Student: 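Please read through the structure below; I'll follow up with questions.
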Amino acid sequence: MSASRNLTPLLSTLLRRWPASAAAAAYAPALRSYATAAVAASAAGSSTQTASRRTVSLGLLSAGFAATCAFAAPTSSASADSSSGTTPESVLNKVRSTISQMPGMEWAAPTFHVVFVLGGPGSGKGTQCAKLVEEFGVVHLSAGDLLRAHVKSGTEDGNMVKAMIAEGKIVPSSVTIGLLKKAMLESGKTKFLIDGFPRNAENREAFEKEDGIDIHFVLFFDCPEKVMEKRILSRNEGRSDDNVKTIRKRFKVFIDQSMPVVNHYKGMGKVHWVNSNRDPEAVYAETRKLFENF
Ligand SMILES: Nc1ncnc2c1ncn2[C@@H]1O[C@H](COP(=O)(O)OP(=O)(O)O)[C@@H](O)[C@H]1O
Ligand SMILES: Nc1ccn([C@@H]2O[C@H](COP(=O)(O)OP(=O)(O)O)[C@@H](O)[C@H]2O)c(=O)n1
């Protein structure tokens with residue numbers, strides 16, 4: 001039986017076991033693309049499998065399903081979830097144990113491939129990421145954009161993030177990593193540019209503890225502070241933190257907290273340094289070469 005024909009009954013079985021909320025239906029496309037990626041991965045590895053026990057790499061499918069359950073929109077079903085003590089981890093464990101019990105199926109951890117895009121405020125991270133998305137079809141996740149969207153939720157957490165951004169402070173990783181993971185799972189894709197993260201040692205250490213994430217390299221955009229300040233002041237995106245007072249605080253945080261992260265990865269030989277004090281096309285001509293094998 002072809003791998004894709006196996007898929008539909010499997011998805012139905014999973015969904016029947018844990019009836020999904022209406023909001024979860026919104027995740028179905030992501031779930032389906034994880035499943036397709038998982039089947040493709042299993043087909044690629046099929047020569048090493050025994051005929052009697054066909055092993056299907058279901059990690060991505062499972063991750064997608066966990067996202068479906070764990071991150072269902074904050075509706076009444078989500079509050080039911082929290083009152084019954086359901087957490088993303090508990091859903092993932094349930095998916096894992098059910099898959100392990102299915103004949104011929106085996107759990108495999110998902111692998112997400114990541115490039116961290118770092119550089120001072122206004123160094124051109126977002127500008128270059130947009131070009132990479134267009135040429136290479138990777139997913140661009142800006143930690144700052146995710147945090148700004150979270151502010152709009154109006155929750156207690158959102159208000160805390162708003163206050164921290166206004167001061168140029170770094171939001172705790174428990175919030176930022178939650179938003180990044182949710183976006184990764186929802187995307188249905190496996191290759192990501194993570195822009196503006198990790199911003200300090202706490203961000204980095206927490207992210208490195210996450211399973212199934214392969215950090216390929218760090219892309220660092222190097223630009224003088226004076227040039228970055230001028231760029232930000234004419235950025236005109238209506239950002240409350242793009243004012244001289246907050247910009248200066250952000251530069252200090254960048255030097256004190258973010259540069260040690262870059263130097264950490266530099267020590268591991270993982271940093272690609274790009275001079276971004278040139279016109280955007282010249283910066284991109286150098287940047288794109290790093291992605292030919294990603
Ligand atoms: N190489 C460049 N030369 C001149 N201006 C640039 C360049 N790269 C980006 N910009 C502009 O500078 C501002 C900041 O760039 P952005 O990509 O938002 O930076 P970051 O994401 O690092 O904060 C934007 O208005 C952008 O259009
Ligand atoms: N990993 C991150 C990224 C951004 N942020 C917050 O979001 C603000 C804006 O970050 P950003 O990456 O969108 O913008 P730039 O400072 O790079 O222009 C930062 O100054 C921090 O307050 C954070 O707390 N943690």
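All ligand and atom numbering here is 1-based and tracks the order in the structure. By convention here, the first residue in the shown sequence is residue 1. Remember, predicted model here, so these are calculated numbers, not experimental data.
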Student: Kindly indicate, with the supporting measurements, whether the criterion salt bridge (charged side-chain N to carboxylate O under 4.0 Å, His left out) is fulfilled by Arg250 and Asp242.
Tutor: CA-CA 10 Å; Arg250 283 155 64 198; Asp242 279 355; 3.0 Å; yes
Student: With atom 10 (O) of ligand 2 as the reference point, say which of Arg199, Lys125, Arg250 has the nearest heavy atom.
Tutor: Arg199
Student: Answer side chain, backbone, both or neither: which part of Asp241 comes under 4.0 Å from ligand 2, heavy atoms only.
Tutor: side chain
Student: Look at atom 1 (N) of ligand 2 and say which protein heavy atom is nearest, naming residue and atom and giving the distance to 0.1 Å.
Tutor: Gly196 O, 2.9 Å
Student: Using a strict cut-off of 4.0 Å, indicate which atoms of ligand 2 neighbour a heavy atom of Pro121.
Tutor: 15 (P), 16 (O), 17 (O), 18 (O)
Student: I'd like to know whether the aromatic ring centres of Phe220 and Phe116 sit less than 6.0 Å apart in this structure.
Tutor: no
Student: Any nitrogen or oxygen of Val171 lying under 3.5 Å from a nitrogen or oxygen in ligand 2? Just yes or no.
Tutor: yes
Student: Could you identify the single nearest non-hydrogen protein atom to atom 5 (N) of ligand 2 and state the distance to 0.1 Å?
Tutor: Leu147 CD1, 3.4 Å
Student: Rounded at 0.5 Å granularity, tell me how far OG in Ser173 sits from CD in Glu205.
Tutor: 9.5 Å
Student: Say whether Glu167 and ligand 2 are in contact under the criterion: heavy-atom distance to a ligand atom below 4.0 Å.
Tutor: no
Student: Within a distance under 4.0 Å of any heavy atom of Arg235, pick out the atoms of ligand 2 and give their elements.
Tutor: 18 (O)
Student: Which heavy atom of Lys266 sits nearest a heavy atom of Val271, and at what distance?
Tutor: N-CG2, 3.3 Å
Student: If you measure from each non-hydrogen atom of Arg231 to ligand 2, which part falls under 4.0 Å: side chain, backbone, both or neither?
Tutor: neither
Student: If every non-hydrogen atom of Asp195 is compared with every non-hydrogen atom of Cys129, which pair is closest and at what distance?
Tutor: CB-SG, 4.1 Å
Student: Any side-chain to backbone donor/acceptor pair from Lys189 onto Met184? Under 3.5 Å, distance only.
Tutor: no
Student: Please state whether the rings of His113 and Phe294 are parallel, tilted or perpendicular, taking 30° and 60° as the class boundaries.
Tutor: perpendicular
Student: So which heavy atom in the protein is nearest atom 7 (O) of ligand 2, and how far is it from that ligand atom?
Tutor: Ile165 CG1, 3.8 Å
Student: Which of the numbered atoms in ligand 2 are below 4.0 angstrom from a heavy atom of Arg148?
Tutor: 9 (C), 13 (O)
Student: To the nearest 0.5 Å, how far apart are CG in Asp214 and NZ in Lys191?
Tutor: 11.0 Å
Student: Stepwise, does the ring-ring contact (aromatic ring centres under 6.0 Å, His included) test hold for Phe217 with Phe291?
Tutor: CA-CA 10 Å; Phe217 60 90; Phe291 286 83; 5.4 Å; yes
Student: Look only at the side chain of Ser153 and the backbone of Gly158, and say whether a donor-acceptor pair between them is shorter than 3.5 Å.
Tutor: no
Student: Looking only at protein heavy atoms, identify the closest one to atom 14 (O) of ligand 2 and say how far it is in Å.
Tutor: Arg239 NH2, 3.1 Å
Student: Tell me which part of Asn203 gets within contact of ligand 2: side chain, backbone, both or neither, using heavy atoms under 4.0 Å.
Tutor: side chain
Student: State the NZ-CD1 distance between Lys230 and Ile247, to the nearest 0.5 angstrom.
Tutor: 13.5 Å
Student: For ligand 2, indicate whether the residue Lys169 contacts it via side chain, backbone, both or neither (heavy-atom separation under 4.0 Å).
Tutor: backbone
Student: Is it true that atom NZ of Lys131 has more than 12 heavy atoms of other residues, nucleotides or ligands lying nearer than 6.0 Å?
Tutor: yes
Student: Under 3.5 Å between any N/O of Ser142 and any N/O of ligand 2: does that happen in this structure?
Tutor: no
Student: For Arg231 and Ser123, indicate whether the former's side chain and the latter's backbone hold a donor-acceptor pair under 3.5 Å.
Tutor: yes
Student: Contacts table for ligand 1: protein N or O within a distance under 3.5 Å of ligand N or O, distances only.
Tutor:
unit_1	atom_1	unit_2	atom_2	d
ligand 1	1 (N)	Arg231	NH2	3.4
ligand 1	1 (N)	Arg278	O	2.7
ligand 1	1 (N)	Pro280	N	3.4
ligand 1	3 (N)	Arg231	NH2	3.3
ligand 1	17 (O)	Gly126	N	3.4
ligand 1	17 (O)	Thr127	N	2.9
ligand 1	17 (O)	Thr127	OG1	2.5
ligand 1	18 (O)	Arg235	NH1	2.9
ligand 1	19 (O)	Gly124	N	3.2
ligand 1	21 (O)	Gly126	N	2.9
ligand 1	22 (O)	Ser123	N	3.3
ligand 1	22 (O)	Gly124	N	3.0
ligand 1	22 (O)	Lys125	N	2.9
ligand 1	22 (O)	Lys125	NZ	2.9
ligand 1	23 (O)	Gly122	N	3.0
ligand 1	23 (O)	Arg235	NH1	2.9

Student: Kindly confirm or rule out an N or O of Asp145 lying under 3.5 angstrom from an N or O of ligand 2.
Tutor: no
Student: Looking at OG1 of Thr287 and CD of Gln128, how far apart are the two atoms once the value is rounded to the nearest 0.5 Å?
Tutor: 4.5 Å
